[in-house]
Amino acid sequence: MAAKAKGKVLAVLMLALGLSGGVAHAQQCGNNANGFNTWKAEFRQQAAARGAGQRALAALEGTRYNNATIKADRGQKSFKLSLDQFMQRRGAPAIVRKGRQLKQQNAQLFASIESRYGVPPGVLLAIWGMETNFGGFMGNQNIVSAVATLAYDCRRSEFFTRQLHAALQLVDRGSLRPDSIGAAHGEVGQTQFLPENVVKFGVDGDGDGRIDLIRSKADALHSTANFLRGHGWRPGGGYQPGQANYRAIQGWNAASVYQQAIAIMAADIDG
């Protein structure tokens with residue numbers, strides 16, 4: 001009986017310690033800038049333990065709490081629009097017109113991508129146009145700071161902690177500069193990859209020996225096609241709602257109105 005009682009006491013103590021440790025970990029996040037630098041110092045130790053190099057650690061040290069990122073994260077209203085409203089706001093007719101022109105101007109590039117991944121030009125062009133106006137505007141926030149801010153923020157800390165580790169990995173690889181500029185949530189490049197997806201699906205499409213989704217349209221488009229293939233794209237299959245490849249488009253963006261818009265514009269571009 002004494003041994004059993006002692007065992008129960010030990011189990012209770014271990015559970016209590018586990019719970020308190022979990023609370024302490026949860027309390028590291030914050031909803032304003034006050035605790036960011038303390039959190040960053042703790043995260044630096046974690047990143048170093050995971051193998052982050054000096055280049056990545058220096059990039060992390062240079063991050064700043066980004067109020068613009070928090071404001072954008074709290075104000076994503078366009079996905080609540082109707083399909084017609086969404087397409088009008090995003091300039092769908094202009095995307096289709098420019099997409100058709102770029103399809104002709106880059107016929108060899110799109111042919112090589114379709115041959116390799118099975119993804120037709122229209123889908124890639126619709127995504128490219130929707131995300132950055134074909135590379136015309138890729139954001140105005142420091143990528144590493146944006147991701148670090150969201151990793152610290154309590155709303156989606158676990159998800160963006162993964163993104164921050166991935167961003168630091170990209171910095172160490174030389175695929176991302178510490179001063180690289182992207183979108184408010186730390187999206188990278190011409191089709192707006194989150195850092196973790198650059199690590200998983202990034203492709204050196206132009207053969208220069210590095211993956212650069214910001215400056216190389218070939219890298220960005222090859223990587224986008226590789227992402228879609230990685231999410232179940234089947235060569236020759238349809239991509240409208242209910243068809244085989246629509247699920248891959250759903251993997252790109254979770255918003256239904258976005259998915260529908262991509263499918264419609266892609267069909268118009270592909271003719």
(message) Strictly below 4.0 Å, N to O, side chains only: are Lys103 and Asp270 in salt-bridge contact?
(response) yes

(request) For the residue pair Leu194 and Phe159, establish whether any side-chain heavy-atom pair is separated by less than 4.5 Å. (result) yes

(request) Examine Phe134 and Ile214 and state if one hydrophobic cluster contains both, with Ile, Leu, Val, Met, Phe, Trp and Tyr joined whenever side-chain heavy atoms are less than 4.5 Å apart. (result) yes

(message) How long is the straight-line distance from CG of Leu228 back to CZ of Arg234, given to the nearest 0.5 Å?
(response) 14.0 Å

(message) If hydrophobic clusters are built from ILVMFWY residues whose side chains come within less than 4.5 Å, do Val257 and Leu81 share one?
(response) yes

(message) Within this structure, what is the OG1-CG distance for the pair Thr191 and Leu124, rounded to the nearest 0.5 Å?
(response) 8.5 Å

(request) Might you confirm whether atom CZ of Arg215 has over 12 heavy atoms from other residues, nucleotides or ligands at distances under 6.0 Å? (result) yes

(message) On a heavy-atom basis, which atom in Gly99 and which in Leu125 lie closest, and how many Å separate them?
(response) O-CD1, 3.4 Å

(message) Run the salt bridge (Lys or Arg N to Asp or Glu O under 4.0 Å) test on Arg89 and Asp84 for me, step by step, so that the C-alpha distance in whole Å, both residues' side-chain angles and the decisive distance to 0.1 Å come before the verdict.
(response) CA-CA 9 Å; Arg89 179 168 296 187; Asp84 288 343; over 6 Å; no

(message) If you apply the rule side chain to side chain contact (heavy atoms under 4.5 Å, CB included), what do you find for Glu131 with Gln190, and how did you get there?
(response) CA-CA 7 Å; Glu131 294 289 353; Gln190 299 196 33; over 6 Å; no

(message) Check for me, please, whether Val199 and Leu57 land in the same ILVMFWY cluster - side-chain distances under 4.5 Å, paths through other members count.
(response) no

(message) Show me the pairs that pass ring-ring contact (aromatic ring centres under 6.0 Å, His included) and involve residues 90-126, at least two apart or across chains.
(response) Tyr117-His222

(message) Donor-acceptor pair, distance only, cut-off 3.5 Å: does the side chain of Asp204 make one with the backbone of Asp208?
(response) yes

(request) Decide side chain to side chain contact (heavy atoms under 4.5 Å, CB included) for Phe137 and Thr132; before the verdict, give the C-alpha distance in whole Å, the side-chain angles of both, and the deciding distance to 0.1 Å. (result) CA-CA 5 Å; Phe137 181 71; Thr132 65; 5.7 Å; no

(message) One pair to check against ring pair (Phe, Tyr, Trp, His ring centres under 6.0 Å): Phe43 and His165. What are the steps and the verdict?
(response) CA-CA 10 Å; Phe43 192 91; His165 282 301; 4.8 Å; yes

(request) Measure from the side-chain N and O atoms of Asn253 to the backbone N and O of Tyr258, and report whether any donor-acceptor pair falls under 3.5 Å. (result) no

(request) Might you work through the side chain to side chain donor-acceptor pair (under 3.5 Å) test for Gln192 and Trp252, ending with a clear yes or no? (result) CA-CA 10 Å; Gln192 302 285 271; Trp252 179 265; over 6 Å; no

(request) Inspect the surroundings of CZ in Arg100 and state if more than 12 heavy atoms from other residues, nucleotides or ligands are less than 6.0 Å away. (result) yes

(message) So which atom in Ala218 and which in Leu109 form the shortest heavy-atom distance, rounded to 0.1 Å?
(response) CB-CD1, 4.1 Å

(message) Between Ile269 and Pro121, is there a side-chain heavy-atom distance shorter than 4.5 Å?
(response) no

(message) Taking His185's backbone N and O only, do any of them form a donor-acceptor pair with Thr69's side chain (distance below 3.5 Å, no angle check)?
(response) no

(message) Whether the Ser82 and Gln85 side chains hold a donor-acceptor pair (N or O, under 3.5 Å, no angle test) is what I'd like checked.
(response) yes

(request) Determine the minimum heavy-atom distance between Asp206 and Arg210, stating which atoms define it. (result) OD1-O, 4.5 Å

(request) Using modelled atom types only, decide if a donor and an acceptor are shared between the side chain of Thr63 and the backbone of Val144 within a distance under 3.5 Å. (result) no

(request) Give a yes or no answer on whether the side chain of Tyr152 reaches the backbone of Asn37 with a donor-acceptor pair at less than 3.5 Å. (result) no

(request) Answer yes when Arg155 and Asp73 have at least one side-chain N-carboxylate O distance shorter than 4.0 Å, and no when they do not. (result) yes

(message) Quick check: Tyr239 with Tyr246 (ring centres under 6.0 Å apart)?
(response) no

(message) Between Lys217 and Asp212 (salt bridge meaning N to carboxylate O under 4.0 Å), is one present in this structure?
(response) no

(message) I'd like to know if the side chain of Gln163 and the backbone of Glu196 have a donor-acceptor N/O pair within less than 3.5 Å.
(response) yes

(request) Over 60° means perpendicular and under 30° means parallel, so classify the ring planes of Phe201 and His231, tilted if in between. (result) tilted

(request) Please answer whether the main-chain N or O of Phe193 pairs with a side-chain N or O of Asn197 as donor and acceptor at a distance below 3.5 Å. (result) no

(request) With rounding to the nearest 0.5 Å, note down the distance linking CD in Gln260 to CD in Gln240. (result) 10.0 Å

(message) Side-chain heavy atoms nearer than 4.5 Å, only ILVMFWY residues, links allowed to pass through others: does that put Val188 and Ile181 together?
(response) no

(request) Check Ala148 against Phe36 and note the closest heavy-atom contact, atom names and distance. (result) O-CE1, 3.8 Å

(request) For Gln104, look at atom CD and say whether over 12 heavy atoms of other residues, nucleotides or ligands are found less than 6.0 Å away. (result) no

(message) Looking at Asn142, is its backbone amide N or carbonyl O close enough to the side chain of Ser145 to form a donor-acceptor pair, meaning the two atoms are under 3.5 Å apart?
(response) no

(request) Could you tell me whether a side-chain N or O of Ser223 sits under 3.5 Å from a main-chain N or O of Asp219, the two making a donor and an acceptor? (result) yes

(message) Side chains of Pro195 and Val147, heavy atoms from C-beta outward: is any pair under 4.5 Å?
(response) yes

(message) Can you give me the closest heavy-atom contact between Ala146 and Gly186, atom names plus distance?
(response) CB-N, 3.8 Å

(request) Would you give the length of the straight line joining atom CG of Leu83 to atom CD of Gln88, rounded to the nearest 0.5 angstrom? (result) 11.5 Å

(message) With side chain to side chain contact (heavy atoms under 4.5 Å, CB included) as the criterion, how do Leu150 and Ile70 come out once you've worked through the C-alpha distance, each side chain's angles and the decisive distance to 0.1 Å?
(response) CA-CA 7 Å; Leu150 291 169; Ile70 296 300; 4.3 Å; yes

(request) Check Ala266 against Ala126 and note the closest heavy-atom contact, atom names and distance. (result) N-CB, 3.9 Å

(message) If we ignore hydrogens and angles and just use 3.5 Å, is the side chain of Glu114 paired with the main-chain N or O of Ala111 as donor and acceptor?
(response) no

(message) Hydrogens and angles aside, do Glu42 and Thr38 bring a side-chain donor and acceptor to less than 3.5 Å of each other?
(response) no

(message) Nearest 0.5 Å, please: how far is CD in Gln141 from OG1 in Thr149?
(response) 9.0 Å

(message) How long is the straight-line distance from CG of Asp268 back to CD1 of Ile95, given to the nearest 0.5 Å?
(response) 11.5 Å

(message) Evaluate Val198 against Leu213 for side chain to side chain contact (heavy atoms under 4.5 Å, CB included), listing each step before the verdict.
(response) CA-CA 8 Å; Val198 181; Leu213 274 62; 4.1 Å; yes

